[in-house]
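Written out below as structure tokens is the structure these notes cover.
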Amino acid sequence: MFRFDKFILEENRLEYILSIYGLLVVLVIAIIITLLTWLFKKLTFKNQNIMLYIIGAVLAILEIGRITWHFLNYYHINGTLAGTNWAWTVSFQMCAQMVWFTVYVLLFRTHKKEGNTIFYSILFGQAMLGAILAFGYIDMIDNTRHLYHFTNWQTLVTHGLLILVPCCLIVSKRVTIRLKNIWMPIMGALITAVIALIMSLITDNNFMYMMEFNLVGIKIPWNYPILLTLMVILELILFVPFELVYRHKIRKNNMN
């Protein structure tokens, strides 16, 4: 489960994403998220806080474990850490940044009953959005390792928790998703993009497609308007349904 890599055999590659097996994995994760969200709603406010603290701690442990494993794996193969791409291992991709943002919010903001709208909106519109998109990304799962390998189930659990947390916050009414707050996750995305750009320039990587939108081969600076447009469209897809539901409830209450 925690084995290190010495070499990769192409014939041993396993296909997860965009396969029946991969779809079943996603279905199981969706069911677990639904059940945990239902359970969270039934808990008292105090017990909800405890559950959020636990999720925050688990996220931190899993992320530290991921980073540690990759450094140890590199050392196991090369006998030294010299030459390792430390920045890519630590990762400044959106989901990696959102993991630490989520950890901060859960461990240090959960006990506060006010002033969390901007934090929770970013968790909804950025952390959850990024995690959902990741499940459709072909390289999310390393197909040179079994699904039960630490690096793979760590990825699945981490992204699943990034989706679970906003769901819990919404059903417990700790946050109301409003279209007027859409600027919050967009602002959060811009901040993470700036961090990703700086680290890409410093370490010669391509975090968050800041240097090249290599899915379609569009390089800097023309990738920026495309990425921003996609971000706004995706945020609207997330926020508009919640706004419609909110307004419907308001109209229904006014009629009564």
Side-chain angles (χ1 to χ4, degrees), residues 1-17 19 21-22 25-26 28-29 32 52-108 126-127 130-165 192 195-212 214:
M1 183 172 67
F2 293 92
R3 72 172 178 84
F4 297 121
D5 301 328
K6 192 64 177 178
F7 53 86
I8 295 174
L9 296 177
E10 292 295 329
E11 61 268 24
N12 287 343
R13 287 185 176 273
L14 305 172
E15 296 301 329
Y16 296 124
I17 306 300
S19 67
Y21 188 67
V25 171
V26 172
V28 170
I29 292 174
I32 293 174
L52 292 176
Y53 288 138
I54 292 174
I55 293 174
V58 169
L59 278 172
I61 292 171
L62 287 176
E63 188 65 5
I64 293 172
R66 178 190 68 80
I67 295 170
T68 302
W69 184 90
H70 280 288
F71 276 123
L72 291 176
N73 181 59
Y74 186 91
Y75 183 83
H76 174 77
I77 295 173
N78 299 282
T80 177
L81 288 178
T84 181
N85 189 343
W86 67 268
W88 193 259
T89 299
V90 173
S91 187
F92 293 90
Q93 301 281 35
M94 183 171 74
C95 283
Q97 293 190 53
M98 282 297 100
V99 166
W100 291 115
F101 180 79
T102 303
V103 169
Y104 163 74
V105 173
L106 295 183
L107 296 185
F108 299 102
Q126 192 178 354
I132 291 174
L133 293 176
F135 275 103
Y137 186 51
I138 194 69
D139 290 329
M140 177 188 181
I141 298 299
D142 189 328
N143 58 9
T144 66
R145 306 182 187 118
H146 286 289
L147 189 66
Y148 55 76
H149 189 277
F150 170 71
T151 56
N152 281 333
W153 64 256
Q154 183 274 341
T155 297
L156 292 172
V157 172
T158 296
H159 286 83
L161 291 177
L162 291 180
I163 297 173
L164 172 65
V165 170
T192 55
I195 295 173
L197 174 60
I198 293 173
M199 294 310 300
S200 295
L201 291 170
I202 293 175
T203 65
D204 194 26
N205 283 294
N206 186 32
F207 298 116
M208 289 180 63
Y209 305 118
M210 285 294 99
M211 305 307 294
E212 178 184 2
N214 50 18

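The first residue of the sequence shown is numbered 1, and numbering continues consecutively from there.
- Pairing each heavy atom of Val103 with each of Gly56, the nearest pair is CG2-O, 3.6 Å.
- Proximity of His149 to Trp69: side-chain heavy atoms (C-beta onward) are separated by under 4.5 Å at one or more points.
- Note that the CD atom of Gln126 and the OG1 atom of Thr192 stand 4.0 Å from one another [nearest 0.5 Å].
- Between Ala131 and Ile163, the closest heavy-atom pair is CB-CG1, 3.6 Å.
- A side-chain donor-acceptor contact under 3.5 Å links Asn78 to the backbone of Tyr74.
- Side chains of Tyr53 and Leu106 form no contact here, defined as non-hydrogen atoms less than 4.5 Å apart.
- To the nearest 0.5 angstrom, Ile61 atom CD1 is 12.0 Å from Gln154 atom CD.
- By the 30° and 60° cut-offs, the orientation of the rings of Trp153 relative to Phe150 is perpendicular.
- Rounding to the nearest 0.5 Å gives a distance of 11.0 Å between CG of Leu52 and OG1 of Thr102.
- No donor-acceptor distance shorter than 3.5 angstrom exists from the side chain of Gln93 to the backbone of Phe207, with no hydrogens or angles considered.
- One distance of note links CH2 of Trp86 with OG1 of Thr203; it measures 6.5 Å at 0.5 Å rounding.
- By the 4.5 Å heavy-atom criterion applied to side chains, Thr151 and His70 are counted as neighbours.
- Closest of all the heavy-atom pairs between Met94 and Gly130 is CE-CA, 3.4 Å.
- Counting only heavy atoms from C-beta outward, the side chains of Ile29 and Phe135 approach each other to under 4.5 Å.
- Taking CZ of Phe71 as the start and CZ of Arg66 as the end, the distance is 9.5 Å to the nearest 0.5 Å.
- To the nearest 0.5 angstrom, Asn206 atom CG is 9.5 Å from Asp204 atom CG.
- Using a 4.5 Å heavy-atom cutoff, the side chains of Leu161 and Leu164 are in contact.
- In terms of heavy atoms, Thr89 sits closest to Ile67 at CG2-O, 3.8 Å.
- The side-chain heavy atoms of Met211 and Leu201, taken from C-beta on, include a pair separated by under 4.5 Å.
- Panel note: side chain His76, backbone Leu72; no donor-acceptor pair is recorded below 3.5 Å.
- Among all heavy-atom pairs drawn from Glu63 and Ala96, the shortest one is OE2-CB, 4.1 Å.
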